[in-house]
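A short worksheet on the structure shown next.
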Amino acid sequence: VKQNTTAIVLGITGDWAFAAATVLFGLKQHFHNQSYDIIIFHDNMATHDQESLNKIHECHFIQYAIKLINPDKFNRVTKMAFSRFECFGLLEKYENVIWIDSDVLIVGNLDKLVSQNQTGFSMYRHENIPINVSFSSNVDGYNMNADCYNDGIFIINRSLKHPLQLKKWCYEKTEKFFKHINSDQAIINLLLQEFDIEVTSLDLKYNCHPENNFQNPLIFHPWGPGKFWNKFWNPIWDSYYQQWLELKGTPCPEYAKFKRQNLGLRSALKKIKQYFRHA
Ligand SMILES: [Mn+2]
């Protein structure tokens with residue numbers, strides 16, 4: 001079997017198979033100009049869910065083992081968020097590696113995504129939001145007021161120097177700075193400073209919060225605790241989710257509850273109208 005030159009990487013706890021499914025459906029719909037391998041780092045995902053995901057697109061499943069000093073410290077992310085550090089190692093096998101958070105919704109064409117990356121590392125930059133939002137306390141020796149990059153979606157390629165060293169550094173500093181950091185994103189932003197990495201600013205359309213009134217989004221990403229299954233109801237996400245259920249994938253208990261509470265027929269119609277007004 002010929003290996004593709006591009007890998008798309010997800011990392012989820014076993015109970016987020018439904019979320020990965022919605023990303024795979026979005027990719028199937030909107031990413032056509034090349035073929036790619038899909039790699040899913042997971043934490044004890046049920047075999048039948050792996051089989052259901054394979055029906056959407058063949059996936060390479062990798063059980064992720066990492067011992068962080070204190071995973072309970074991170075209330076906003078699970079240890080699986082740190083599996084994005086594996087992307088650096090994957091550059092040994094792939095020319096391009098794309099990390100996509102599984103809480104996103106792909107709504108437009110991604111054929112130009114890989115070519116956005118001119119420097120080896122591409123991510124959306126939050127202008128005027130300092131990196132200290134990702135920390136509970138400052139780390140000495142770094143500029144904590146630098147603009148924060150959002151690592152929910154990033155693209156790296158072989159222009160990036162010594163990727164294995166970067167990977168090692170990320171894990172080491174996650175342990176070393178665990179008292180200071182709130183998430184993986186803190187470490188990625190320090191990494192940029194430590195290795196003086198030039199980042200290509202990814203356009204907002206590839207990493208756009210659903211509450212942003214941006215006109216032509218291609219990927220919605222509700223960073224923060226509100227997700228498509230508990231806060232931002234969206235008909236496209238819902239249709240992908242229904243397809244997942246048709247594949248007998250394990251449902252999302254939170255979404256069933258959210259729908260019951262918030263989506264009587266009347267409020268559903270209202271939200272659909274609002275959606276198409278903005279679309
Ligand atoms: Mn996210």
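Both counts, for ligands and for their atoms, begin at 1 and track the order of listing.
- A donor-acceptor pair is defined here as one N or O able to donate and one able to accept, closer than 3.5 Å; no such pair exists between the side chain of Y94 and the backbone of R158.
- Surrounding CD of E198 are at most 12 heavy atoms belonging to other residues, nucleotides or ligands under 6.0 Å away.
- With waters neither drawn nor counted, the protein N/O/S atoms under 2.8 Å from the Mn ion (ligand 1) amount to 4.
- A salt bridge links D101 to R84: one of the charged nitrogens lies within less than 4.0 Å of a carboxylate oxygen.
- Sorted by first and then second residue, the salt bridge (charged side-chain N to carboxylate O under 4.0 Å, His left out) pairs involving residues 56-65 (not counting sequence neighbours) form an empty list.
- A salt bridge does not link E175 to K173: none of the charged nitrogens lies less than 4.0 Å from a carboxylate oxygen.
- Both F85 and V77 are members of a single hydrophobic cluster when ILVMFWY side chains are connected at heavy-atom separations under 4.5 Å.
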